[in-house]
Amino acid sequence: MKKYKLNIGWLYPDLMNIYGDRGNIIVLQKRCEWRGIKTEIISIDQNTNNEQLLNCDLLMMGGAQDTQQEIVGKDLEKKKQTLKKMIEDYVPGLYICGGFQYLGKYYKEASGNIINQLGILDMYTENPGDRRLIGNIAIEVDFVIANEVKQSKWVEKRKGPHGLRPQDDDDCILVGFENHGGRTILGSNIKPLGKVIYGYGSNDVSLEEGAIYKNTIGTYFHGPILPKNPELADWLIARALEKKYGSTSSSESKEKIELKILNDSIAKKAREVILKKLIKNY
Ligand code: GLN
């Protein structure tokens with residue numbers, strides 16, 4: 001088998017890393033290694049430059065409290081153009097909560113203070129300062145997260161509290177934990193990652209959660225998200241391999257990367273146990 005290697009960029013590991021988000025890096029690294037794909041974890045922070053960021057094949061940024069977000073925001077300004085170019089150029093990334101909020105136009109803190117964000121995605125976040133949105137969360141995603149993105153048909157099999165369950169394939173359901181004051185509103189050229197079937201989601205009004213834009217995924221799922229939802233990790237790894245070794249965008253792949261299927265029975269059982277607790281008659 002060809003020798004693949006992925007440089008995994010971990011954005012601000014010391015400042016943007018709450019509620020276990022570092023676990024996402026561990027999952028990406030292990031699921032590559034189990035397949036013979038070498039990895040190098042590159043910390044991207046105030047001490048690294050744009051060239052080092054550009055050298056990454058896959059990005060992950062965790063969440064943080066408002067204070068850390070203000071500090072990181074100042075440094076991200078220096079990396080904004082590079083990050084924007086990478087996102088537009090289909091470099092896959094997972095941005096969690098505060099990391100997700102940065103991709104929008106601004107973040108209005110509970111104090112009313114407005115922190116300009118990167119303006120890469122058509123969205124914004126406001127923290128009304130009343131209650132935080134905290135608790136377990138489950139969403140139905142409208143694409144099958146596996147080795148390749150394919151539209152799955154929504155079949156009204158069992159009406160969940162907030163929407164339709166996808167056709168059979170439970171890989172369409174993600175479970176996690178959310179804890180955020182910010183409410184994110186999506187604009188036009190961006191899709192929600194999924195529909196809330198339990199919990200609050202991005203703003204507790206639209207019943208949408210997160211966002212997907214090209215190969216960039218933003219979400220409020222802490223936990224961390226990837227151990228509970230290994231299909232999402234594989235989706236990111238496959239996009240990174242395609243981009244680096246096979247295509248300039250997920251739709252123009254010259255070399256279709258098919259990841260060796262791993263035994264995820266424990267993760268799927270854990271997700272089923274969580275869903276049975278959260279959703280009556282699941
Ligand atoms: N500080 C932001 C908020 O409260 C993000 C929180 C987080 O990353 N968990 O919305």
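Scope of the values below: all heavy atoms of this structure, side chains included, with no hydrogens, waters or symmetry mates. Just follow the structure's listing: the first ligand is 1, and inside any ligand the first atom is 1.
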(message) Using a 4.0 Å heavy-atom cut-off, which part of Ile18 comes near ligand 1: side chain, backbone, both, or neither?
(response) side chain

(message) Please classify the Tyr220 to ligand 1 contact at 4.0 Å (heavy-atom distances, strictly less than): side chain, backbone, both or neither.
(response) neither

(request) Just need the protein heavy atom nearest to atom 7 (C) of ligand 1, so name the residue and atom and give the distance. (result) Cys97 SG, 2.8 Å

(request) Among all protein heavy atoms, pick the one closest to atom 2 (C) of ligand 1 and tell me residue, atom and distance. (result) Gln69 OE1, 2.9 Å

Enumerated ligand 1 atoms positioned under 4.0 Å from heavy atoms of [X]:
{"X": "Asn179", "value": "6 (C), 7 (C), 9 (N)"}
{"X": "His180", "value": "4 (O), 10 (O)"}
{"X": "Tyr107", "value": "1 (N), 2 (C), 3 (C), 4 (O), 10 (O)"}
{"X": "Gly63", "value": "8 (O)"}

(request) Return yes when atom NZ of Lys5 has more than 12 non-hydrogen atoms of other residues, nucleotides or ligands closer than 6.0 Å, and no otherwise. (result) yes

(request) Go through the side-chain N and O atoms of Tyr107 and Asp66 and say whether any donor and acceptor fall under 3.5 Å apart. (result) yes

(request) Compute whether any side-chain donor of one residue and acceptor of the other, for Ser265 and Asn263, lie under 3.5 angstrom apart. (result) yes

(request) Give the intermediate values and the outcome of side-chain hydrogen bond (donor to acceptor under 3.5 Å, both in side chains) for residues Glu126 and Tyr106. (result) CA-CA 8 Å; Glu126 296 188 350; Tyr106 67 86; 2.5 Å; yes

(request) Please confirm whether Gly182 comes within less than 3.5 Å of ligand 1 when only nitrogen or oxygen atoms on both sides are compared. (result) yes

(request) Look only at interatomic distance and state if Asp66 has a nitrogen or oxygen under 3.5 Å from any nitrogen or oxygen of ligand 1. (result) yes

(request) Check each of Glu178, Gln65, His222, Glu126 against atom 9 (N) of ligand 1 and report the one with the nearest heavy atom. (result) His222

(request) Could you name the option among Gly181, Ala64, Gly98, Gly99 that has the heavy atom nearest to atom 6 (C) of ligand 1? (result) Ala64

(request) Please lay out, stage by stage, how Thr219 and Glu209 fare under the test side-chain hydrogen bond (donor to acceptor under 3.5 Å, both in side chains). (result) CA-CA 7 Å; Thr219 176; Glu209 200 289 325; 3.0 Å; yes

(message) Testing Leu11, Leu54, Asn49, Ile44 one by one against Lys79 for a side chain to side chain contact (heavy atoms under 4.5 Å, CB included), which residue passes?
(response) Ile44

(message) Can you tell me which residue among Asp21, Leu15, Asp14 is in a side chain to side chain contact (heavy atoms under 4.5 Å, CB included) with Asn17?
(response) Asp21

(message) Under 4.0 Å, counting heavy atoms only: does Met16 come that close to any atom of ligand 1?
(response) no

(message) Quick one, Met61 with Leu76, criterion side-chain contact (heavy atoms from CB on, under 4.5 Å). Give me CA distance, side-chain angles, the key distance, then yes/no.
(response) CA-CA 12 Å; Met61 187 169 187; Leu76 262 180; 3.8 Å; yes

(message) I need the Lys243 NZ to Asp89 CG distance, nearest 0.5 Å.
(response) 3.5 Å

